[in-house]
Amino acid sequence: MAEIELTELTILKALELLEKEKISSTELVELSLEQIKRYDPLVKAFLYVDEEGAKESAKRADELRKKGYPGKLLGIPLSIKDNICIEGLPTTCASKILQNFIAPYDATVIEKLKKEGAIFLGKTNLDEFAMGSSTENSGFFPTHNPWDLERVPGGSSGGSAVATACRMGLGSLGSDTGGSIRQPAAFCGVVGLKPTYGMVSRFGLVAFASSLDQIGPFGINVEDTALLLQIIAGHDERDSTSYPLEPPDYLKFIKENFNLSYKIGLPKEYFEGEIDPEITKALENLIKLLKKKHQIKEISLPHTEYAVATYYIIAPAEASSNLARYDGVKYGFRYREAKTLMEMYKKTRAYGFGKEVKRRIMLGTYALSAGYYDAFYLKASKVRTLIMQDFVKAFEEVDLILTPVTPTPPFKLGEKVFDPLQMYLSDIFTIPVNLAGLPGISIPIGLTQNHLPIGAQIIGSHFKDELVLNLAYQIERQLNLKMVPNLLKS
Amino acid sequence: MSLSVEEVLKIAHLARLELTEEEALKYSSELTKILDYFNKLQNLNTEKISPTFHALKVPTPFREDKVKPFREIEKILKNAPQAYQRMIVVPKVVKAP
């Protein structure tokens with residue numbers, strides 16, 4: 001086998017090596033599985049590793065390559081967040097209520113990846129039902145940040161971000177309801193994209209808050225992220241919110257339009273208030289650099305301060321309804337000793353759900369209940385309109401918006417988990433993007449003095465995912481950072 | 001705004017969640033704090049604003065109501081807490097007349 005250093009690889013480089021027969025998919029998958037054996041006991045990114053399945057798929061990919069099969073990801077190992085269904089593998093959502101659930105079918109995104117020859121190493125950890133910002137709400141165990149094992153990787157797609165950062169697979173899919181791809185990407189020093197609402201089918205994604213949920217890719221760099229989006233995007237009649245639009249060739253677009261300059265908006269509300277000075281500094285440096293080529297403009301998104309309250313009414317309201325299906329009847333955990341049907345429902349859900357999920361079901365049920373619907377759910381839905389209008393106005397003036405991803409670098413495990421409101425407030429910069437259904441990306445722009453990753457968020461208007469990727473690509477090329485956690489170097 | 005333990009238990013019943021007394025007490029104080037924070041929305045005048053329930057205004061897509069066979073029935077039955085032949089066994093839901 002050729003000497004391959006995983007930290008030097010990206011999906012595109014690996015494809016080149018596979019094409020030139022410098023490496024086989026079997027070797028690549030072996031290397032990835034070794035990486036999991038070495039590092040996963042420390043970071044705990046995986047809930048399930050499908051060693052046998054991955055090896056078999058790799059063998060098949062090698063055979064197909066010899067026959068000239070044109071798969072765009074033929075032989076590339078990936079990981080998948082454990083709320084996305086892969087037929088025959090567990091899909092637990094990191095919840096005890098789905099502990100023994102085996103997916104009977106593939107999500108549309110999985111079908112698409114399989115068709116292009118991708119290989120699935122396993123399912124990654126998350127906050128239970130994607131509810132959380134640190135992966136500490138997993139019903140099984142927390143995931144650790146590879147840049148500092150005492151810190152959280154962010155959430156809810158913490159496992160996917162960590163797997164990508166540790167090269168346990170060359171990329172991943174996560175889901176983003178209020179920042180669940182972008183915030184862990186920022187905390188772990190990888191690229192994470194939330195596509196426009198409707199751009200990627202959610203068929204086979206376990207629903208949390210249906211008007212906000214979106215599947216998206218994690219990549220080591222922007223090119224890989226663009227390639228993954230290319231494959232998973234597109235209309236699907238099995239998801240009625242999927243938009244009937246043919247996605248452009250993202251990879252080609254970002255390369256061919258490398259010299260495009262943009263009008264970039266800096267929303268003043270995102271730069272005021274309590275932001276870690278090292279994050280502010282990193283963004284200021286980036287803005288200086290961007291000014292050489294792009295037009296920078298201060299803008300205002302005046303309803304930003306209402307976004308967290310709006311989100312934490314709407315998302316739990318939708319969740320309380322979506323999660324009503326976990327009642328012990330058709331699948332998942334059932335409390336067997338119950339004497340009445342009511343007792344079965346209540347005990348099944350009491351034992352099956354964790355604290356944060358129950359908290360949100362309670363909040364959501366309250367916000368939708370008679371007498372409170374108008375004051376909470378309806379009010380929040382109206383404020384959502386105002387938040388969306390802010391963006392519509394902003395995009396009349398600028399092409400793209402640049403912001404921090406998080407107010408702080410990764411925090412310590414246990415630091416916020418006992419104060420739900422503090423945890424909710426850490427999502428302030430990512431939530432408005434979901435409320436408005438916009439595309440948003442998080443890319444690494446530097447490290448703090450303590451060697452913790454810092455991310456920047458680029459937001460675009462509806463279905464302008466390619467512009468978001470394009471600016472991200474330009475920044476990535478200019479900064480030319482190599483984000484490899486020290487853990488992997490030792 | 002405060003949420004009493006009684007109200008917490010009422011909501012828990014609506015949500016079909018069994019809570020211990022200790023949990024109900026904890027949720028009462030936690031949810032009160034969160035609802036207080038939500039109150040900031042009341043500062044905004046939204047009288048003339050229509051609500052948004054979906055981020056994109058897409059008309060409901062219609063398609064033919066065609067039956068497609070699903071061949072993986074066994075796989076679905078395997079996930080059932082209790083199955084008998086090709087049926088899922090559930091507790092009695094209806095009362096005898």
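All values below come from the heavy atoms of this structure, side chains included, with hydrogens, waters and symmetry mates left out. A, B, ... follow the sequence lines: proteins, then strands. Residue 1 opens every chain.
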A.B. asks: Which one wins on heavy-atom pair count under 4.5 Å against chain A: B/Glu30, B/Glu74, B/Arg63?
C.D. replies: B/Glu30

A.B. asks: Do A/Leu363 and B/Leu35 touch side chain to side chain, with heavy atoms closer than 4.5 Å?
C.D. replies: yes

A.B. asks: Picking from B/Asn43, B/Leu19, B/Leu31, which has the most non-hydrogen pairs under 4.5 angstrom with chain A?
C.D. replies: B/Leu31

A.B. asks: Sequence neighbours left out, what pairs pass ring-ring contact (aromatic ring centres under 6.0 Å, His included) with at least one residue falling in residues 2-52 of chain B?
C.D. replies: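 ring-ring contact (aromatic ring centres under 6.0 Å, His included) check on residues 2-52 of chain B returns no pairs.
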
A.B. asks: Got a donor-acceptor contact below 3.5 angstrom from the B/Arg16 side chain to the A/Thr348 backbone?
C.D. replies: no

A.B. asks: For B/Lys66, is there an ion pair with A/Glu237 - N to carboxylate O distance below 4.0 angstrom?
C.D. replies: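 Answer for the salt bridge query: no.
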
A.B. asks: So which of A/Val383, A/Ile361, A/Leu438 has the largest heavy-atom pair count under 4.5 angstrom toward chain B?
C.D. replies: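 The option with the most such pairs is A/Val383.
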
A.B. asks: Quick check on side chain to side chain contact (heavy atoms under 4.5 Å, CB included): which of B/Ile34, B/Ile11, B/Leu14 does A/Tyr366 satisfy it with?
C.D. replies: B/Ile11

A.B. asks: What closest approach, in Å, do A/Ser211 and B/His54 show between heavy atoms, and which atom pair accounts for it?
C.D. replies: CB-ND1, 4.1 Å

A.B. asks: The criterion is side chain to side chain donor-acceptor pair (under 3.5 Å); which residues satisfy it with A/Ser321, sequence neighbours excluded?
C.D. replies: none

A.B. asks: Sub-3.5 Å donor-acceptor pair from the side chain of B/Lys33 to the main-chain atoms of A/Asp419, do we have one?
C.D. replies: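 No; judged by distance alone, with no hydrogens or angles, the pair does not exist.
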
A.B. asks: Mind listing the closest non-hydrogen atom pair of A/Gly332 and B/Pro81 along with its distance?
C.D. replies: O-CG, 3.6 Å

A.B. asks: Between A/Tyr105 and B/Lys75, is there a cation-pi geometry (under 6.0 Å to ring centre, at most 45° from the normal)?
C.D. replies: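 Relative to the ring axis of A/Tyr105, which defines the angle, B/Lys75 lies outside at least one limit.
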
A.B. asks: Backbone N or O of A/Ile102 within a donor-acceptor pair of the B/Asn79 side chain at under 3.5 Å?
C.D. replies: yes

A.B. asks: Of all of A/Gln389, A/Glu87, A/Arg359, which one pairs up most often with chain B through heavy atoms under 4.5 Å apart?
C.D. replies: A/Arg359

A.B. asks: Kindly indicate whether the side chain of B/Leu17, heavy atoms from C-beta on, has any atom under 4.5 Å from the side chain of A/Thr365.
C.D. replies: no

A.B. asks: Counting heavy-atom pairs under 4.5 Å with chain A, which one of B/Glu7, B/Lys40, B/Glu72 comes out on top?
C.D. replies: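 Sorted descending by pairs with chain A, the first entry is B/Lys40.
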
A.B. asks: State, to 0.1 Å, how close B/Val89 and A/Arg334 come at their nearest heavy-atom pair, and which atoms those are.
C.D. replies: O-NH2, 2.7 Å

A.B. asks: Distance-only, no hydrogens or angles: does the A/Ser381 side chain make a donor-acceptor pair with backbone N or O of B/Phe53 under 3.5 Å?
C.D. replies: no

A.B. asks: Tell me, do A/Leu386 and B/Thr46 make a side-chain contact under 4.5 Å, heavy atoms counted?
C.D. replies: yes

A.B. asks: Find the one option among A/Ser240, A/Gly437, A/Ser210, A/Ala103 whose heavy-atom pairs under 4.5 Å with chain B are most numerous.
C.D. replies: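 Going by pairs under 4.5 Å, I would pick A/Ser240.
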
A.B. asks: Closest heavy-atom contact between B/Pro51 and A/Thr385?
C.D. replies: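 So the two residues come closest at C-OG1, 3.5 Å.
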
A.B. asks: For the candidates B/Lys10, B/Lys78, B/Gln42, which exhibits the highest count of non-hydrogen atom pairs separated by less than 4.5 Å from chain A?
C.D. replies: B/Gln42

A.B. asks: Select, from B/Leu41, B/Ile88, B/Val90, the one with the greatest count of heavy-atom pairs under 4.5 Å involving chain A.
C.D. replies: B/Leu41

